[in-house]
Peer 1: 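This is the structure I have questions about; it appears just below.
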2 protein chains.
Amino acid sequence: MTTRIQRRNRRRILEAALDVFSAQGFRGATLDQIAGVAGLSKPNLLYYFDSKEAMHRALLDDLLDIWLAPLRAMNPDGNGREEILAYMRRKLQMSRELPRESRLFANEVLQGAPRLADQISGDLKRLVDDQAVVIRRWISMGQIAAVDPYHLIFSIWALTQHYADFDAQIRLIRDGADPMDGADGFLETLFDKLLQP
Amino acid sequence: MTTRIQRRNRRRILEAALDVFSAQGFRGATLDQIAGVAGLSKPNLLYYFDSKEAMHRALLDDLLDIWLAPLRAMNPDGNGREEILAYMRRKLQMSRELPRESRLFANEVLQGAPRLADQISGDLKRLVDDQAVVIRRWISMGQIAAVDPYHLIFSIWALTQHYADFDAQIRLIRDGADPMDGADGFLETLFDKLLQP
DNA sequence: CGGCACCTTGACTGGTTGGTCAGGTCTGCT
DNA sequence: AGCAGACCTGACCAACCAGTCAAGGTGCCG
């Protein structure tokens, strides 16, 4: 039985933990920081979560579903070019709206994905393999150019996530302007040309 | 005056520090780990470097020069398409040969580039601004398609560094195969099509 | 081969951090 | 109102970690 207070505080804690973990990495984050952001005492954090590790795991568990949704939403019966472009747009939108989640994921994979290995080689791999088959069919139907489906997917990840993960760098180079300014149009053109049969 | 032993040990320490910092991030790394990898005692590390911070800074100072070299090597008087493709190839080669450096950089930028802000907004920004001018000239000369120079450069960074930084993820998806297998050809095609006037 | 500067380390310190606990406070229900 | 259970916290602990130091070892020069 979960109470109203439990729901509110768990949400607050995860929100704060996302802030801190995504900005400092797992080892860089401290419970005191998270407690400060959440506006709760440190022992209170540990009343709701067994350990720092448990908070991190809770975030990662939610994350993969969110992360995979745009790829999962690709319609095998749709037009190849349209579907892939729409996927890219959804993914870019996620970088814009959920940059902290992107950085949490990046931090984790950068360090060898110790806590995500199972899910990546399970759910994620299965989904990517499936969509690779779909992309190959679009190729054989002549809807898009013959490109390696895996590298195509990786390139969408790389280009969209880069704007969230390397935000600090881009911002410094572009004098603080919104890093994603013009990104939509650029990526649209890029993938449009790449997929042109 | 630097002795033979000093040179050897400094090199050993920085080598070990690169291993550990790139895999664990700054806060995640401990002097004991670095000492272990270097095969030296912890106090001995601190005989050669004033602090953990100093080791990290020494690595970062070397890094930016290495990192910028491929972009700097672009020849303004060459053919636009050839020059940009060659730049992309050099950058991809660096991801292959120096993945630890790539991850060290990624770790740093991901956490807001606290120790690199000056160099990024200084040297790096200047270089990028200069090369953007060169790229615009190539565009006006009709050598390459009209694309935003900044996003073009970002896309090269994103696509090449992704193979080093997200190595763990790609490896899990591709059943442990070399993540960069086929990347050369894919990126060649991608940028060739993008730059086609 | 003697001496001096350079090199190395075991043992220690002070500060930080994840986590515990005993006891107090609040909330919702009857 | 009164009480049971949920919620909260100050004080504390053990482990860890960057950095110190005094004392001994080593390489190199005359």
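Every chain is numbered from 1, with letters handed out A, B, ... down the list of sequences.
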Peer 1: Look at the side-chain N and O atoms of Asn9(B) and state whether any lies under 4.0 Å from the OP1 or OP2 oxygen of dC6(C).
Peer 2: no

Peer 1: Of the options dG19(C), dT9(D), dG19(D), whose atoms approach the side-chain atoms of Asn44(A) most closely?
Peer 2: dT9(D)

Peer 1: Between dT9(D), dC6(C), dA18(D), spot the one nearest the side chain of Thr3(B), thanks.
Peer 2: dC6(C)

Peer 1: Of the nucleotides dT20(C), dT9(D), dG19(D), which one has an atom closest to the side chain of Ser41(A)?
Peer 2: dT9(D)

Peer 1: For the side chain of Pro43(B), counting heavy atoms from C-beta on, which of dG19(C), dA11(C), dA11(D) is nearest?
Peer 2: dA11(C)

Peer 1: Between Phe105(B) and Trp67(B), what is the ring plane arrangement, given parallel below 30°, perpendicular above 60°, and tilted in between?
Peer 2: tilted

Peer 1: How long is the line joining CZ of Phe49(B) and C1' of dA18(D), in whole Å?
Peer 2: 16 Å

Peer 1: Given dT27(C), is OP1 or OP2 found less than 4.0 Å from the side-chain N or O atoms of Arg8(A)?
Peer 2: no

Peer 1: Round to the nearest Å and state the distance from Lys52(A) atom NZ to dA15(D) atom P.
Peer 2: 18 Å

Peer 1: In whole angstrom, what separates Leu31(A)'s CG from dT9(D)'s P?
Peer 2: 15 Å

Peer 1: Scan Asp19(A), Leu63(A), Val109(A) and name whichever one has a side chain to side chain contact (heavy atoms under 4.5 Å, CB included) with Leu104(A).
Peer 2: Leu63(A)

Peer 1: Please determine if a side-chain N or O atom of Tyr48(A) lies less than 4.0 Å away from the OP1 or OP2 oxygen of dC8(D).
Peer 2: yes

Peer 1: By nearest nucleotide on DNA chain D, pick out whichever of Ile5(B) and Asp50(B) is the more 5' one.
Peer 2: Asp50(B)

Peer 1: Once you round it to whole Å, what is the distance between C1' of dC7(D) and CZ of Arg7(A)?
Peer 2: 15 Å

Peer 1: Just to be sure I understand the rule, does Ala29(A) reach a base, reach only the sugar-phosphate, or reach nothing, if contact means heavy atoms closer than 4.0 Å?
Peer 2: sugar-phosphate

Peer 1: Taking the inter-plane angle between the rings of His162(B) and Phe166(B) on a 0 to 90° scale, is it parallel (under 30°), tilted (30 to 60°) or perpendicular (over 60°)?
Peer 2: parallel

Peer 1: Below 4.0 angstrom, N of the basic side chain to O of the carboxylate: do Asp192(A) and Arg81(A) qualify?
Peer 2: yes

Peer 1: With a cut-off of less than 4.0 Å, is there a side-chain N or O of Arg4(B) near OP1 or OP2 of dC28(D)?
Peer 2: yes

Peer 1: Quick check on Asp61(B): does its CG atom have over 12 non-hydrogen neighbours (other residues, nucleotides or ligands) under 6.0 Å away?
Peer 2: yes

Peer 1: How many whole angstroms separate atom CZ of Arg10(A) from atom C1' of dA6(D)?
Peer 2: 12 Å

Peer 1: Just how far, in rounded Å, is C1' of dC8(D) from CD1 of Ile13(A)?
Peer 2: 12 Å

Peer 1: So does Tyr47(A) get a side-chain nitrogen or oxygen closer than 4.0 Å to the phosphate oxygens (OP1/OP2) of dC8(D)?
Peer 2: no

Peer 1: What about Lys42(A): does its side chain form a donor-acceptor pair under 3.5 Å with the base of dG18(C)?
Peer 2: yes

Peer 1: Can you check the Arg27(A) CZ to dC16(D) P distance for me, whole Å?
Peer 2: 10 Å

Peer 1: Does a side chain donor of either Asp129(A) or Tyr150(A) reach within less than 3.5 Å of an acceptor in the other side chain?
Peer 2: yes

Peer 1: Considering only side-chain heavy atoms of Thr30(A), which listed nucleotide, dG18(C), dA6(D), dT9(C), is closest?
Peer 2: dG18(C)

Peer 1: Using whole Å, report how far CG of Leu40(B) lies from P of dG25(D).
Peer 2: 19 Å

Peer 1: Which part of the nucleic acid does Leu46(B) contact within heavy-atom distance under 4.0 Å: base, sugar-phosphate only, or nothing?
Peer 2: base

Peer 1: In terms of side-chain heavy atoms of Gln6(A), which of dC7(D), dG18(C), dC17(D) is nearest?
Peer 2: dC7(D)

